[in-house]
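A quick write-up on the structure given underneath.
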Amino acid sequence: MAILFTGIKQLLTFAGDAAPRAGAAMRETGLVKNAAVLVENGLIEAAGPRAAVLRHRLAKKARVVEVNGVCLPGFADSHTHAVFAEPRLKDFSMRTAGASYQDIKAAGGGIISSVGAVRAQPLKAMTAQLAARAARFLECGTTTAEVKSGYGLSLDSELKMLRAVREAAKLTPLELLPTLLAAHSVPPEFGGDAQKYLDYVTAEILPKAAAEKLAVFADIFCEKGYFTPEQTTAYLKEAARLGLRPKVHSEQLSNYGGTRAGAAAGAVSADHADHVYAEDIAAMRDAGTIATLLPASNFYLGLAKYPPARELISEGVPVALATDFNPGTCPCWNMQFVLAAACTHCAMTPEEALCAATVNGAWALDLGDRLGAVTPGMQADLAFFDAGDYRELCYYFGANQCVMTVKKGKIVHGKGR
Ligand code: NIG
Ligand code: FE
């Protein structure tokens with residue numbers, strides 16, 4: 001049965017080219033006031049001024065849901081580490097006592113301290129935990145989330161993490177996109193030999209993940225003490241050869257070359273970009289690589305430096321925003337907080353931030369042709385907020401203003417359920 005969402009004070013359609021938005025196009029929200037959206041069979045049938053949508057042939061017979069707020073495409077959170085067994089409270093205490101991310105790693109914390117519990121956790125428990133977390137994402141207006149492995153760091157445990165994503169996707173309406181991040185850190189049994197570990201990942205984990213179609217993307221953490229730009233290029237090229245789309249964690253803690261290496265390997269996105277300079281920015285623009293900014297992690301780590309969003313946008317690099325939800329650097333699943341952080345700390349306008357969290361997030365997942373805009377034929381993934389003006393989503397922070405979430409035309413959270 002069709003559903004007619006009406007009484008919408010402001011609808012952001014993000015109608016526009018079927019391509020990642022860059023430059024001034026990031027500020028084109030497709031705003032419609034006093035709007036309605038008609039959905040059927042999981043797709044948008046009509047969206048726009050209320051009077052026009054009401055004339056649609058399906059409008060009369062549709063179930064009517066009165067909404068009194070702002071409607072957006074559901075958030076596409078294109079960077080999360082949502083599979084992990086335990087919060088890292090010891091790391092947190094160290095950090096509140098003044099230790100940096102690098103200090104915590106040197107003391108045996110960081111990524112490696114998540115590995116033991118993930119290796120020990122049975123697949124069933126991991127799956128249930130991820131499905132429960134997925135409900136929290138939906139409550140906050142996120143309708144699609146990428147999920148990385150990267151806390152297993154062995155064949156069995158990395159594949160287990162990816163299987164948990166596959167199994168959890170059957171239990172939640174949240175759309176989950178799996179990423180192999182076996183190249184996240186060097187596990188202790190390799191004695192710090194990053195190349196030896198990467199050879200093992202390339203020979204054992206990558207081909208099996210590809211053969212079982214357990215991952216859509218392959219990612220690598222390019223940073224001092226993790227993996228080099230040369231290793232990043234070689235690894236991502238091999239991943240691409242096996243059919244996994246490259247992504248890269250780059251320029252997070254220093255300018256190290258991962259962004260250029262990722263762009264050269266055809267990365268769909270280069271994520272973090274805190275320390276990018278002009279040549280990194282040019283490499284992204286020329287390769288069509290999206291810059292995925294994760295300012296909630298900068299906030300959580302108490303960093304003074306944030307990614308140079310203004311420069312990226314003015315140079316024509318499409319910018320996406322994501323949570324980076326993970327147990328070490330960003331225990332936050334709420335994209336609304338990311339919007340506030342991006343506007344406050346990266347000088348993004350609310351229009352740019354909302355574009356980055358929806359349509360460009362969808363493109364960072366290679367799904368922009370069906371997600372990220374509220375226009376006829378697109379998937380009916382919608383988020384509704386208790387607000388009179390879309391800018392309130394970036395203005396209020398630390399709260400959840402989402403009152404209803406729709407995934408593939410079904411109300412999966414909120415009042416109309
Ligand atoms: O994106 N930088 C590497 N990966 C994560 C951190 C993961 C962790 O600390 O567990 C990030 O910030
Ligand atoms: Fe990350």
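None of the values given here were measured: they were computed from a predicted structure. When a ligand or atom number is given, it counts from 1 through the structure's own listing order.
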Knowing that exactly one of Glu223, His79, Lys148 qualifies, which makes a side-chain hydrogen bond (donor to acceptor under 3.5 Å, both in side chains) with His249? His79

Which of Thr142, Thr143, Asp381 passes side-chain hydrogen bond (donor to acceptor under 3.5 Å, both in side chains) with Lys407? It is Asp381

Please check if any side-chain donor atom of Thr329 sits under 3.5 Å from a side-chain acceptor atom of Asn326, or the reverse. yes

For Ser114 and Arg88, test the side chains for any donor-to-acceptor distance below 3.5 angstrom and give the result as yes or no.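 Short answer, yes.
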
Would you kindly specify which portion of Glu223 sits under 4.0 Å from ligand 1, judged on non-hydrogen atoms: side chain, backbone, both or neither? neither

Using a 4.0 Å heavy-atom cut-off, which part of Tyr151 comes near ligand 1: side chain, backbone, both, or neither?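 Only the side chain of Tyr151 comes within reach of ligand 1.
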
Salt bridge between Arg119 and Glu189, side-chain N to carboxylate O under 4.0 Å? yes

Does NZ or CZ of Arg133 come closer than 6.0 Å to the centre of the six-membered ring of Phe84, within 45° of the ring's axis?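 Pair Arg133/Phe84 counts as cation-pi.
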
Phe137 ring center near Phe75 ring center (under 6.0 Å):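 Distance test on ring centres: not under 6.0 Å, no.
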
Interfacing atoms of ligand 1 (cut-off 4.0 Å, heavy-atom, [X]):
X      : answer
Phe221 : 2 (N), 3 (C)
His79  : 1 (O)
Ile111 : 7 (C), 8 (C), 9 (O), 10 (O)

Quick one: look up the protein heavy atom nearest [atom] and list residue, atom name and how far away it is.
atom                   : value
atom 2 (N) of ligand 1 : Gln252 OE1, 2.6 Å
atom 4 (N) of ligand 1 : His184 NE2, 2.9 Å
atom 6 (C) of ligand 1 : Tyr101 OH, 3.4 Å

Would you say Tyr226 touches ligand 1, if touching means a heavy atom closer than 4.0 Å? no

Going from SG on Cys71 to CZ on Phe384, what distance comes out if it is rounded to the nearest 0.5 angstrom? 4.0 Å

Compare Lys105, Arg88, His81, His272 and give the one whose heavy atom is closest to atom 8 (C) of ligand 1.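 Residue with the shortest heavy-atom distance to the ligand atom: Arg88.
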
Whether over 12 other heavy atoms sit under 6.0 Å from Lys33 NZ: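 Open: at most 12 neighbouring heavy atoms sit under 6.0 Å from NZ of Lys33.
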
Give a rough value, rounded to 10 degrees, for the angle at the Fe ion (ligand 2) between atoms OD1 of Asp324 and NE2 of His79. 80°

I would like to know whether Glu28 and Arg21 meet salt bridge (Lys or Arg N to Asp or Glu O under 4.0 Å); could you show each step before the answer? CA-CA 9 Å; Glu28 290 166 17; Arg21 309 292 159 80; over 6 Å; no

What about Thr329: any of its N or O atoms under 3.5 Å from an N or O on ligand 1? yes

Any N or O of Asp324 closer than 3.5 Å to N or O of ligand 1: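 Among all N and O atoms of Asp324, at least one is under 3.5 Å from an N or O of ligand 1.
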
Below 2.8 Å, any N, O or S contact between His272 and the Fe ion (ligand 2)?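 No N, O or S atom of His272 is closer than 2.8 Å to the Fe ion (ligand 2), so no.
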
Let me check your reading of the structure: within less than 2.8 Å of the Fe ion (ligand 2), is there an N/O/S atom from His249?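 Short answer: yes, at least one N, O or S atom is under the cut-off.
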
